[in-house]
Asks: 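Before I ask anything, let me first share the structure, which is written out below as structure tokens.
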Amino acid sequence: MQLHQSDEANSPESAPSAKVPVLRHVAGAMGWAVLTCSVCFAILAITKALLPPQYWGAHTGLARFEREMSLPLLLFWVVLYSPILETFVGQLLPLEILRRFRVNQPVSIFIGAVVWAIVHYLSGGLLHAIVALGSGAMFSLVYLRYREPGVASAYATTALARAVNNCLLLIAVAYGIDA
């Protein structure tokens, strides 16, 4: 007995329509990371110009971590651990909860940014919170922008954007620009 394969099963039209274009997501994550880093440095510069130093809060920049950790541990923390954890806590949990309650995207982005700013205020003060408000909004936007194919796609793209953003921050700190 001979088994025949259907031409329909091998045709491109029968492929699942929910394929995730990985390279487009990687390129998107890198672009969003550069944009987010730029926005955060602009917010930092404006805030430092307008807000007196006594209101900035505790020094929580990457330079502190650079002093307290070895380079391999710092790279692990900044490039792997933090993006995975921060994306889970800062985007996946709050934005998926808001999605279940059918909250629209602009309100979700605002709430995600405020939650992220509050976490950073508690760990670093007002200046850190203001900058985190910008990055929280940007990463919430990225998460929601890439949410259509599924949670995994949104999570991976946002985590990668965070990792690249953190690498850019490490480079900036190495050149003396401390957030």
Side-chain angles (χ1 to χ4, degrees), residues 29-99 101 103-145 154-155 157-179:
M30 294 175 82
W32 281 106
V34 171
L35 180 62
T36 300
C37 194
S38 301
V39 165
C40 288
F41 276 119
I43 291 170
L44 179 67
I46 292 167
T47 305
K48 278 189 167 184
L50 298 176
L51 193 65
Q54 61 266 28
Y55 295 110
W56 291 358
H59 180 74
T60 60
L62 286 172
R64 186 185 102 210
F65 292 109
E66 193 174 40
R67 286 190 307 269
E68 296 174 0
M69 295 181 186
S70 66
L71 184 61
L73 183 59
L74 178 68
L75 290 174
F76 170 78
W77 182 270
V78 170
V79 178
L80 291 175
Y81 181 76
S82 290
I84 291 169
L85 179 65
E86 289 175 348
T87 302
F88 183 78
V89 172
Q91 276 73 48
L92 189 136
L93 285 179
L95 296 176
E96 289 300 322
I97 289 169
L98 293 169
R99 185 177 165 95
F101 287 109
V103 176
N104 66 15
Q105 284 193 358
V107 173
S108 294
I109 291 168
F110 176 77
I111 292 171
V114 169
V115 166
W116 198 239
I118 290 169
V119 168
H120 283 76
Y121 176 78
L122 296 174
S123 69
L126 187 59
L127 181 66
H128 204 61
I130 292 170
V131 174
L133 186 67
S135 69
M138 293 296 290
F139 289 126
S140 293
L141 177 67
V142 171
Y143 184 88
L144 294 173
R145 162 74 175 80
Y155 180 81
T157 304
T158 307
L160 180 59
R162 280 187 182 279
V164 173
N165 178 68
N166 289 353
C167 286
L168 293 172
L169 289 175
L170 267 181
I171 292 167
V173 167
Y175 282 99
I177 304 169
D178 189 8

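Any value given below was found using the heavy atoms of this structure, including those in side chains, with hydrogens, waters and symmetry copies removed.
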Asks: According to salt bridge (Lys or Arg N to Asp or Glu O under 4.0 Å), does anything in residues 118-134 pair up with another residue at least two apart or in another chain? List the pairs.
Replies: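 Those involving residues 118-134 do not exist here.
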Asks: Pro52: which residues meet the side chain to side chain contact (heavy atoms under 4.5 Å, CB included) condition with it, sequence neighbours left out?
Replies: Gln54, Tyr55
Asks: Using side chain to side chain contact (heavy atoms under 4.5 Å, CB included) as the criterion, list what pairs up with Ile43, not counting sequence neighbours.
Replies: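 Partners of Ile43 by the side chain to side chain contact (heavy atoms under 4.5 Å, CB included) criterion, ordered by chain and then number, come out as Val39, Thr47, Ile130, Val131.
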Asks: Tell me which pairs pass salt bridge (Lys or Arg N to Asp or Glu O under 4.0 Å) where either residue lies in residues 109-120, with sequence neighbours left out.
Replies: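 Checked against salt bridge (Lys or Arg N to Asp or Glu O under 4.0 Å) - neighbours excluded - no pair reaches residues 109-120.
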Asks: Once you round to the nearest 0.5 Å, how far does OH of Tyr155 lie from CD of Gln91?
Replies: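 It is 10.0 Å, given to the nearest 0.5 Å.
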Asks: If I compare all heavy atoms of Leu144 with all of Ser108, which pair ends up nearest, and what's the gap?
Replies: CD1-CB, 4.0 Å
Asks: Taking side chain to side chain contact (heavy atoms under 4.5 Å, CB included) as the definition, give me every residue that meets it alongside Val34, ordered by chain and number, with sequence neighbours left out.
Replies: Ser38, Leu168
Asks: Could you check whether any side-chain heavy atom of Ser123 comes within less than 4.5 Å of a side-chain heavy atom of His128, counting everything from C-beta outward?
Replies: yes
Asks: Check side-chain hydrogen bond (donor to acceptor under 3.5 Å, both in side chains) between Thr87 and all other residues, then give those that pass, not counting sequence neighbours.
Replies: Arg162
Asks: When you compare the side chain of Val107 with that of Leu98, does any pair of heavy atoms fall below 4.5 Å?
Replies: no
Asks: Under 3.5 Å, side-chain donor or acceptor atoms of residues 135-143 against the rest of the protein: list the pairs with distances, not counting sequence neighbours.
Replies:
| unit_1 | atom_1 | unit_2 | atom_2 | d |
| --- | --- | --- | --- | --- |
| Ser135 | OG | Ala132 | O | 3.2 |
| Ser140 | OG | Gly136 | O | 2.8 |
| Tyr143 | OH | Glu96 | OE2 | 2.8 |

Asks: What distance separates Thr158 OG1 from Trp32 CH2, expressed to the nearest 0.5 Å?
Replies: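 Answer rounded to 0.5 Å: 10.5 Å.
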Asks: What pair of heavy atoms forms the shortest contact from Cys40 to Gly134, and how long is it?
Replies: SG-C, 4.5 Å
Asks: Compare all side-chain heavy atoms of Leu127 with those of Leu44 and state whether any distance is below 4.5 angstrom.
Replies: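 Side chain of Leu127 against side chain of Leu44, heavy atoms only: contact under 4.5 Å found.
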Asks: Excluding sequence neighbours, so at least two apart, what forms side-chain hydrogen bond (donor to acceptor under 3.5 Å, both in side chains) with Ser82?
Replies: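 Here the qualifying residues are Trp77.
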Asks: Would a 4.5 Å heavy-atom cut-off, applied to side chains only, mark Leu169 and Phe41 as touching?
Replies: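 They are in contact (side-chain heavy atoms under 4.5 Å apart), so the answer is yes.
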Asks: The criterion is side chain to side chain contact (heavy atoms under 4.5 Å, CB included); which residues satisfy it with Leu93, sequence neighbours excluded?
Replies: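 Per chain and number, Leu93 pairs via side chain to side chain contact (heavy atoms under 4.5 Å, CB included) with Phe88.
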